[in-house]
Amino acid sequence: MTKTILATGGAGYIGSHVTLELLTSGYEVVVFDNLSNSSAKSIERVSRITNGAPHFIEGDVRDASALDHLFETFSIDAVIHLAGLKAVGESVAHPERYYDVNVAGSTTLFNAMFRHNVKHAVFSSSATVYGEPETMPLTESSPTGPLNPYGATKLMVEQILQDITGASPGWRSMILRYFNPVGAHVSGEIGEDPLGFPNNLFPFIAQVATGHRDLLQIFGDDYNTADGTAIRDYIHVMDLARGHVKAIDYLLANESKENSTPIVNLGTGVGSSVKEVLIAWEQACGFPIKSEITARRAGDVQISYADAQKAKELLGWETLYDLPRMCKDHWRWQKGNPEGYR
Ligand code: NAD
Ligand code: UD1
C-alpha cells in the first residue's frame, strides 16, 4: 500500500526537492507550509514535473488545531519536519522568533503526532550544530557547540526528538545534519528563491551572474587553507532529497526494530574553497563573475566538511553530483527564473 509522508516546510527550497523525490519514489506527500519563506508555485511546479500532485495545506506548525485537522484528514505514515526559520543573522537579532518557530513549532508538531499515533519523524538539522570544529572531517560524534540561536534551536530539537523517541514505544526517528545544500532540480523549474538579501554563497553568486548584484564579496582570504578562503562541503539538493527518501525507506522498513534516533550527516565528504566555487561558477556560466576580497564574516568557521560514511553504511546513500554539476544546475534555475517564483 502506498505510504503517505507529511513534509512540513515542503514548499521551501529543500522541501520542494524532497517532495519531488518522494513522489517519484512512489510515496504520497502532504505538504504543510505557512509560505512565510516560500511560494505555492513551487508545489504547482513539482506537480507539473511529477504528474502526481502533492496535497498542499497552508498552515503553521505552531497551530495545534490545524495539525489535528491534517492528521484527521490524512493517514500519515511518517513526518519529515523541514519547516523552520534559517537565517543566522536574524536569529541573533530576534532569538525569540527562532525559539518560537523552530523549538515550540517542533514540540507542537511532535505532540500532534502523539495524539494521532504517528511514530516516525525525520528532522532537518544542520552541520551548524558542530560550531567551531576541532578536527576534520566531522563525524556524527564530533563535539557540538552552536555559535548562534539558530544553531542552538537545531540542537535543542535534536535532543527533544531523541528523548521523545527513546521514551515512546514504537517511535523511530532520524536526525539529518545537512552540510551546505545548493543546486536545483535538473528541469530548472524549482530552486532556491531567497526573499530579500541572499546570505549564502550560491544564491549570492547566482544573483551576481544575472546582474541583480554588482559583485561577490569574498569574506576573507587569510584563512589557513590552500588559497586562503574558507572551505565548505557543498551538497547538491537532489542528493540531499534522495537522502530523505532513504531515511524514510529505512524507518518504514525497520518497524520492528527498537526505537532509536540515529544522527546522520548528509554531505559529500569533499570540501571546496570560496575561490574554487567561484571558478566552478564561471565555468558553468561561461563568463567571469566580478568579486572582491573583504574582511571575514563574523561567526564563520574556517573549514567544515562531512565524514559521510555513516549515511553510506546505514542508508546505502552516497552523493552522485560534483561541484561543476551543482553550479550548472543552480545556474539553469537562476537563468530561467531570475526573479525566482515571482
Ligand atoms: P526554506 O525557508 O526554503 O524552507 C523552510 C519552509 O518552512 C518554508 O517554505 C517556510 O515557508 C516554512 N515555514 C517557516 N516557518 C513555518 C511555520 N511556522 N509553519 C509552517 N511552515 C513554516 O529553507 P530550506 O533551505 O528549504 O530549509 C529547510 C530546513 O532545512 C530548515 O529547517 C532549515 O533550518 C534546514 N537546513 C537548511 C540548510 C540550508 O542551507 N538551506 C542547511 C541546514 C539545515
Ligand atoms: C551558513 C550559516 C550556517 C548554515 C549554513 C547553511 C552563517 C554564519 N552560517 O553557513 O549556520 O547552516 O549557511 O548552508 O551564516 N561567503 C562569501 N561571500 C558571500 C557569502 C558567503 O565569501 O557573499 C563565504 C562564507 O564566508 C563561507 C562560504 O562562502 O566561507 C559559504 O557561506 P554560506 O553559503 O553562507 O554557508 P556557511 O558559512 O557554511
Side-chain angles (χ1 to χ4, degrees), residues 7-18 31-40 42-43 57-63 66-67 80-92 97-98 100-102 104-106 108-109 123-131 146-148 150-151 153-154 157 176-182 191-195 197-205 207-208 213 215-221 223 225 229-235 237 240-241 244 266-267 272-275 277-278 291-305:
T8 72
Y13 169 44
I14 297 168
S16 56
H17 291 82
V18 167
V31 169
F32 183 78
D33 196 304
N34 70 357
L35 303 179
S36 58
N37 196 39
S38 55
S39 160
S42 67
I43 296 302
I57 295 172
E58 188 172 339
D60 195 299
V61 285
R62 293 164 295 178
D63 182 345
L67 290 169
I80 304 182
H81 180 35
L82 301 117
L85 304 179
K86 62 164 186 177
V88 171
E90 188 194 29
S91 82
V92 175
R97 292 183 194 163
Y98 279 67
D100 185 31
V101 174
N102 291 6
S106 296
T108 306
L109 172 68
F123 174 60
S124 297
S125 189
S126 169
T128 202
V129 299
Y130 294 117
L147 303 172
N148 48 63
Y150 167 67
T153 66
K154 288 289 164 191
V157 178
L176 300 178
R177 289 182 178 159
Y178 311 159
F179 279 68
N180 290 58
V182 298
E192 186 167 15
D193 179 18
L195 298 175
F197 191 82
N199 297 305
N200 299 115
L201 182 62
F202 265 64
F204 201 97
I205 295 179
Q207 293 195 4
V208 177
R213 312 259 164 209
L215 83 172
L216 171 74
Q217 293 192 325
I218 297 177
F219 297 145
D221 69 347
Y223 286 103
T225 61
T229 62
I231 290 177
R232 295 289 183 276
D233 186 338
Y234 299 94
I235 173 170
V237 68
L240 192 72
H244 290 71
L266 292 184
S272 305
S273 74
V274 178
K275 283 188 178 167
V277 169
L278 190 59
S291 65
E292 68 175 9
I293 307 290
T294 61
R296 292 183 181 191
R297 179 172 65 181
D300 269 356
V301 300
Q302 173 161 280
I303 304 181
S304 164
Y305 60 91

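Just so you know, ligand 1 is whichever comes first in the structure, and atom 1 is the first atom listed for that ligand. Just so it is clear, the model here is predicted, and its values are computed rather than measured.
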Trainee: How far is atom 31 (C) of ligand 2 from its nearest protein heavy atom, and which residue and atom is that?
Mentor: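 Nearest protein contact, heavy atoms only, for atom 31 (C) of ligand 2 is Tyr234 OH, 3.3 Å.
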Trainee: Number the atoms of ligand 2 from 1 as they appear, then name those within less than 4.0 Å of a heavy atom of Thr128, with their elements.
Mentor: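 Under 4.0 Å from Thr128, ligand 2 has these atoms: 3 (C), 11 (O), 12 (O).
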Trainee: Starting at CG of Leu240, measure out to CG of Leu176 and round the result to the nearest 0.5 Å.
Mentor: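 Rounded to the nearest 0.5 Å, the CG-CG separation comes to 7.5 Å.
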Trainee: State the atoms of ligand 1, each with its element, that fall below the 4.0 Å cut-off from a heavy-atom position in Val101.
Mentor: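 Matching atoms, with element in brackets: 15 (N), 18 (N).
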Trainee: Which part of Val274 is near ligand 2, with near meaning a heavy atom under 4.0 Å away: side chain, backbone, both or neither?
Mentor: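 Side chain only; the backbone of Val274 stays clear of ligand 2.
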Trainee: Who's the nearest protein heavy-atom neighbour of atom 25 (O) of ligand 1, and how far?
Mentor: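 Answer, as residue, atom name and distance: Lys86 NZ, 2.8 Å.
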Trainee: Among all protein heavy atoms, pick out the one at the shortest distance from atom 30 (O) of ligand 1; state its residue, atom name and that distance to 0.1 Å.
Mentor: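 For this ligand atom, the closest protein heavy atom is Tyr178 CE1, 3.3 Å.
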Trainee: Going by the order shown, which atoms of ligand 2 are within less than 4.0 Å of some heavy atom of Asn199?
Mentor: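 Listed by number with element, the hits are 20 (C), 35 (O).
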Trainee: What is the nearest protein non-hydrogen atom to atom 34 (O) of ligand 2, stated with its residue, atom name and distance?
Mentor: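 The closest one turns out to be Leu201 N, 2.8 Å.
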Trainee: Which protein heavy atom lies closest to atom 6 (C) of ligand 2, and at what distance to 0.1 Å?
Mentor: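 Sorting protein heavy atoms by distance from atom 6 (C) of ligand 2 puts Asn200 ND2, 4.3 Å first.
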Trainee: Would you say Lys86's side chain and Tyr150's backbone share a donor-acceptor pair under 3.5 angstrom?
Mentor: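 Flag not set: sc Lys86 to bb Tyr150 has no pair under 3.5 Å.
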Trainee: Report the nearest protein non-hydrogen atom to atom 13 (N) of ligand 1: residue, atom name, distance rounded to 0.1 Å.
Mentor: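 So the nearest neighbour among protein heavy atoms is Asn34 OD1, 3.4 Å.
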Trainee: Which atoms from ligand 2 have a heavy atom of Leu216 less than 4.0 Å away?
Mentor: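 Matching atoms, with element in brackets: 18 (N), 19 (C), 23 (O).
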Trainee: Starting from atom 25 (C) of ligand 2, locate the nearest protein heavy atom and write down its residue, its atom name and how far away it is, to 0.1 Å.
Mentor: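 Heavy-atom neighbour on the protein nearest atom 25 (C) of ligand 2: Asp300 OD2, 3.4 Å.
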Trainee: Any side-chain heavy-atom pair from Val301 and Arg232 closer than 4.5 angstrom?
Mentor: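 Of all side-chain heavy-atom pairs linking Arg232 with Val301, at least one is under 4.5 Å.
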Trainee: Counting from 1, what ligand 2 atoms have a heavy atom of Gln217 closer than 4.0 Å?
Mentor: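 By the 4.0 Å cutoff, the relevant atoms are 17 (C), 18 (N), 19 (C), 22 (O), 23 (O).
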Trainee: So if I count the atoms of ligand 2 from 1 in the order they appear, which ones are less than 4.0 Å from some heavy atom of Ser126?
Mentor: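 Counting atoms of ligand 2 from 1, those under 4.0 Å from Ser126 are 12 (O).
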Trainee: For Phe197, state whether at least one heavy atom is located under 4.0 Å from any atom of ligand 2.
Mentor: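 In this structure, Phe197 fails to qualify as a contact of ligand 2 - no heavy atom is under 4.0 Å.
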Trainee: When you measure from atom 37 (C) of ligand 1 to every protein heavy atom, which one gives the shortest distance, and what is it?
Mentor: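 Going atom by atom, the protein heavy atom closest to atom 37 (C) of ligand 1 ends up being Ile14 CD1, 3.7 Å.
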Trainee: Report, in ascending order of atom number, the atoms of ligand 2 lying under 4.0 Å from any heavy atom of Arg297.
Mentor: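 Within the 4.0 Å cut-off of Arg297, ligand 2 contributes 7 (C), 15 (O), 25 (C), 32 (O), 33 (P), 35 (O), 37 (P), 38 (O).
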Trainee: So which heavy atom in the protein is nearest atom 36 (O) of ligand 2, and how far is it from that ligand atom?
Mentor: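 Ranking protein heavy atoms by distance from atom 36 (O) of ligand 2, first comes Asn180 ND2, 3.1 Å.
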Trainee: I need the atoms of ligand 2 closer than 4.0 Å to a non-hydrogen atom of Val88, numbered in the order shown.
Mentor: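 Per the distance check, 2 (C), 3 (C), 7 (C), 9 (N), 11 (O), 15 (O).
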Trainee: Considering the heavy atoms of Gly9, write down every atom of ligand 1 situated less than 4.0 Å from one of them.
Mentor: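 Ligand 1 atoms under the 4.0 Å threshold to Gly9: 6 (C), 7 (O).
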Trainee: N/O to N/O below 3.5 Å, does that happen between Asn148 and ligand 2?
Mentor: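 No, there is no polar N/O contact under 3.5 Å.
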Trainee: Does some non-hydrogen atom of Gly151 fall short of 4.0 Å from ligand 2?
Mentor: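 No heavy atom of Gly151 comes that close to ligand 2.
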Trainee: Among all protein heavy atoms in this structure, tell me which lies nearest to atom 39 (O) of ligand 2, with the distance rounded to 0.1 Å.
Mentor: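 Atom 39 (O) of ligand 2 sits closest to the protein heavy atom Arg232 NE, 2.6 Å.
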Trainee: Taking only heavy atoms of Ser125 into account, list the atoms of ligand 1 that are under 4.0 Å away from them.
Mentor: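 Per the distance check, 43 (C), 44 (C).
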Trainee: For ligand 1, which atoms sit closer than 4.0 Å to a heavy atom of Leu82?
Mentor: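 Taking each heavy atom of Leu82 in turn, ligand 1 has 28 (C), 29 (C), 31 (C), 32 (O) under 4.0 Å.
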Trainee: Would you say Tyr150 and ligand 2 have an N/O pair spaced under 3.5 Å apart?
Mentor: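 No, since none of the N or O atoms of Tyr150 sits under 3.5 Å from an N or O of ligand 2.
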Trainee: Could you tell me which atoms of ligand 1, counted from 1 in the order shown, lie closer than 4.0 angstrom to a heavy atom of Gly59?
Mentor: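 Numbered from 1, ligand 1 contributes 19 (N), 20 (C).
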Trainee: For ligand 2, which atoms, with element, lie under 4.0 Å from some heavy atom of Ala230?
Mentor: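 The atoms of ligand 2 under 4.0 Å from a heavy atom of Ala230 are 30 (O).
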Trainee: Using distance alone, decide if ligand 2 has a nitrogen or oxygen within less than 3.5 Å of any nitrogen or oxygen in Phe202.
Mentor: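 N/O-N/O distance below 3.5 Å does not exist for this pair.
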Trainee: Are any of the N/O atoms in Phe219 less than 3.5 Å from those in ligand 2?
Mentor: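 Looking only at distances, the answer is yes, because the N/O contact criterion of under 3.5 Å is met.
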